[in-house]
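Structure, as structure tokens:
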2 protein chains.
Amino acid sequence: MSVRTKPRYQQLKDQIIQRISTGDLRPNDRVPSENELVAAQNVSRMTANRALRELTAEGYVKRIAGRGTFVSDFRSQSHVLEVQNIADEIADRGHVHSCKVLRQSRQRARGEIARALHIAQGVEVFHLLLVHFENDVPIQIEDRHVVADFAPECLEQDFERETPSAYLTSISPLQEAEQVVRAQTPNAGVRERLQMDADEPSLVVIRRTWSNGRPVTFARLHHPGSRYELAGHYAPPGIHKSTSADVVQLEALKR
Amino acid sequence: MSVRTKPRYQQLKDQIIQRISTGDLRPNDRVPSENELVAAQNVSRMTANRALRELTAEGYVKRIAGRGTFVSDFRSQSHVLEVQNIADEIADRGHVHSCKVLRQSRQRARGEIARALHIAQGVEVFHLLLVHFENDVPIQIEDRHVVADFAPECLEQDFERETPSAYLTSISPLQEAEQVVRAQTPNAGVRERLQMDADEPSLVVIRRTWSNGRPVTFARLHHPGSRYELAGHYAPPGIHKSTSADVVQLEALKR
DNA sequence: TCCGCTAGGTTGTATATACAGGTTAGACTA
DNA sequence: TAGTCTAACCTGTATATACAACCTAGCGGA
């Protein structure tokens with residue numbers, strides 16, 4: 001069985017993604033220039049150009065003519081993964097985000113948590129339980145489990161200052177995410193923490209995020225249905241005919 | 001004010017997208033080969049290659065080495081827009097889709113409908129109201145308005161045979177979509193049609209779709225919260241480490 | 001008739017080269 | 001000192017060329 005070698009430009013891409021994944025290259029770090037890749041990797045400039053251009057389209061790096069190529073920070077990564085950080089989302093609306101940590105502890109993974117994170121029953125994970133506020137109104141309960149060796153210092157972080165999402169992204173770029181959205185009737189604890197009415201439904205986002213080929217965190221995000229909605233905008237790259245004003249208009253349809 | 005001309009490869013892309021949008025090129029039609037573009041458009045083959053390669057990444061066309069380049073059908077387009085056709089979604093689960101048309105009529109656009117479709121109050125639009133069934137269990141109410149001149153034969157279609165989504169896509173590829181997801185308490189009509197329990201929340205997807213630079217359809221899709229969820233999978237192109245088995249496993253977490 | 005081979009068209013990749021335009025540091029000048 | 005200019009580097013685009021791999025129609029032989 002002969003192994004078909006990957007194309008050279010793909011090997012370059014893989015190398016750079018690898019360096020980003022391992023933290024060798026961190027957000028805003030400078031990536032080798034095309035000419036440096038030509039010299040170091042023995043490829044033509046067009047091949048190096050293709051690798052870096054595709055990494056740009058995929059959101060890994062950003063390029064500035066005349067300056068160089070730089071690893072994307074979380075903000076630009078998000079256009080690939082569409083995994084929002086709720087703090088940024090609230091800031092975008094011009095509101096104030098705050099957050100209260102209810103639990104930040106070690107726990108043994110059981111049942112669905114162990115299965116979702118691809119680890120054995122009873123292996124230690126970190127458990128985070130937070131409430132996020134938008135202008136002091138509770139807007140999300142974040143119930144998250146994190147694989148321990150992915151973020152060993154998870155228990156020492158101050159998540160009221162930096163959200164778990166931002167922290168986890170700073171450790172290593174998140175490369176893949178699966179999510180499921182459900183409408184649910186909240187249980188009493190959720191309803192009380194989110195100050196919801198008795199018959200108000202909640203919008204639950206269940207999200208599993210992958211880094212470096214394995215699941216690293218599993219989160220259940222509960223939102224009050226009357227105060228929260230998920231907005232999405234899908235278009236092929238390069239086509240953005242609808243303006244943000246249009247999206248605002250669509251939002252305004254909410255009575 | 002000097003107009004900076006677009007790069008040549010972008011002009012090629014625009015031309016081809018234009019031909020797809022206008023219906024000049026239809027799904028599965030053959031797109032000019034690289035060599036034909038070289039001859040007809042006076043560009044080098046590498047430039048034609050770049051245009052077609054990027055259109056592939058964006059989901060407009062698919063390429064088969066040795067055969068040629070072909071306009072994507074709806075199925076492959078969807079990987080760009082992530083706008084699913086519920087009939088396909090149900091078929092993917094190995095279940096039977098059926099559908100009942102409750103209303104298929106002319107209507108004057110008022111209020112939010114007119115605003116969402118960027119048309120004046122009182123302009124005629126088509127109104128569709130359908131219930132979709134999965135194995136004879138109601139799973140979605142589709143409440144859709146369509147701009148009249150986009151689909152003039154809308155009232156003559158048999159939507160119990162071909163869904164509105166499939167029909168509209170066959171007219172012209174949908175290039176952009178905005179959607180908002182909400183958890184709502186359903187009104188009595190929705191609850192009855194979807195055979196929902198009294199305190200069961202509904203998951204509502206509000207979706208506006210664009211074609212050729214203007215909004216053409218506005219749909220409200222109501223689902224029973226206990227029987228429906230929205231799944232998504234985000235990854236940079238070329239990276240798909242999680243298998244479909246993993247997604248199934250995540251789905252299985254639903255108790 | 002049927003099978004197999006081949007010629008020609010197609011995409012996929014890789015290189016060498018060229019020029020335009022953005023950015024910056026540092027040398028040079030007034 | 002303060003301002004200006006330039007050299008060096010960067011990305012972005014475009015072309016010509018080359019070779020590999022894939023696909024298919026059609027020809028030719030058994």
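Note: hydrogens, waters and symmetry copies are ignored here, and every other heavy atom, side chains too, is used. In what follows, every chain begins at residue 1, and chains take the letters A, B, ... in the order their sequences are listed.
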Between protein and nucleic acid, restricted to nucleotides 3-6 of chain D and to nitrogen or oxygen atoms under 3.5 Å apart, what atom pairs and distances do you find?
none

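- Looking at residues two or more places apart in sequence or on another chain, you find a side-chain hydrogen bond (donor to acceptor under 3.5 Å, both in side chains) between B:R45 and B:E34.
- What separates CD of A:E54 from C1' of D:dG12 is a distance of 15 Å, to the nearest Å.
- Residues passing the side-chain hydrogen bond (donor to acceptor under 3.5 Å, both in side chains) test with A:E162, sequence neighbours excluded: none.
- Environment of CG in A:D24: crowded, with over 12 heavy atoms of neighbouring residues, nucleotides or ligands closer than 6.0 Å.
- Judged by distance alone, the side chains of B:H132 and B:E142 do bring a donor and an acceptor atom under 3.5 Å apart.
- Between A:K62 atom NZ and C:dG22 atom P the separation is 20 Å, expressed in whole Å.
- Residues meeting the side-chain hydrogen bond (donor to acceptor under 3.5 Å, both in side chains) test with B:S44, sequence neighbours left out: B:T47.
- Each side chain to side chain donor-acceptor pair (under 3.5 Å) pair with one or both residues in residues 147-156 of chain A, not counting sequence neighbours, appears once here: A:D149-A:R214.
- Summarising the geometry of B:I86 relative to B:H97, their closest heavy-atom pair is CG2-NE2, 4.3 Å, with the distance given to 0.1 Å.
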Classify every nucleotide of nucleotides 10-17 of chain C by which part a protein heavy atom approaches to under 4.0 Å, writing B for the base, S for the sugar-phosphate alone and - for neither, in 5'-to-3' order. BBBBBBBB
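- In this structure, B:W210 and B:H118 have perpendicular ring planes: the angle between them is above 60°, well past the 30° mark.
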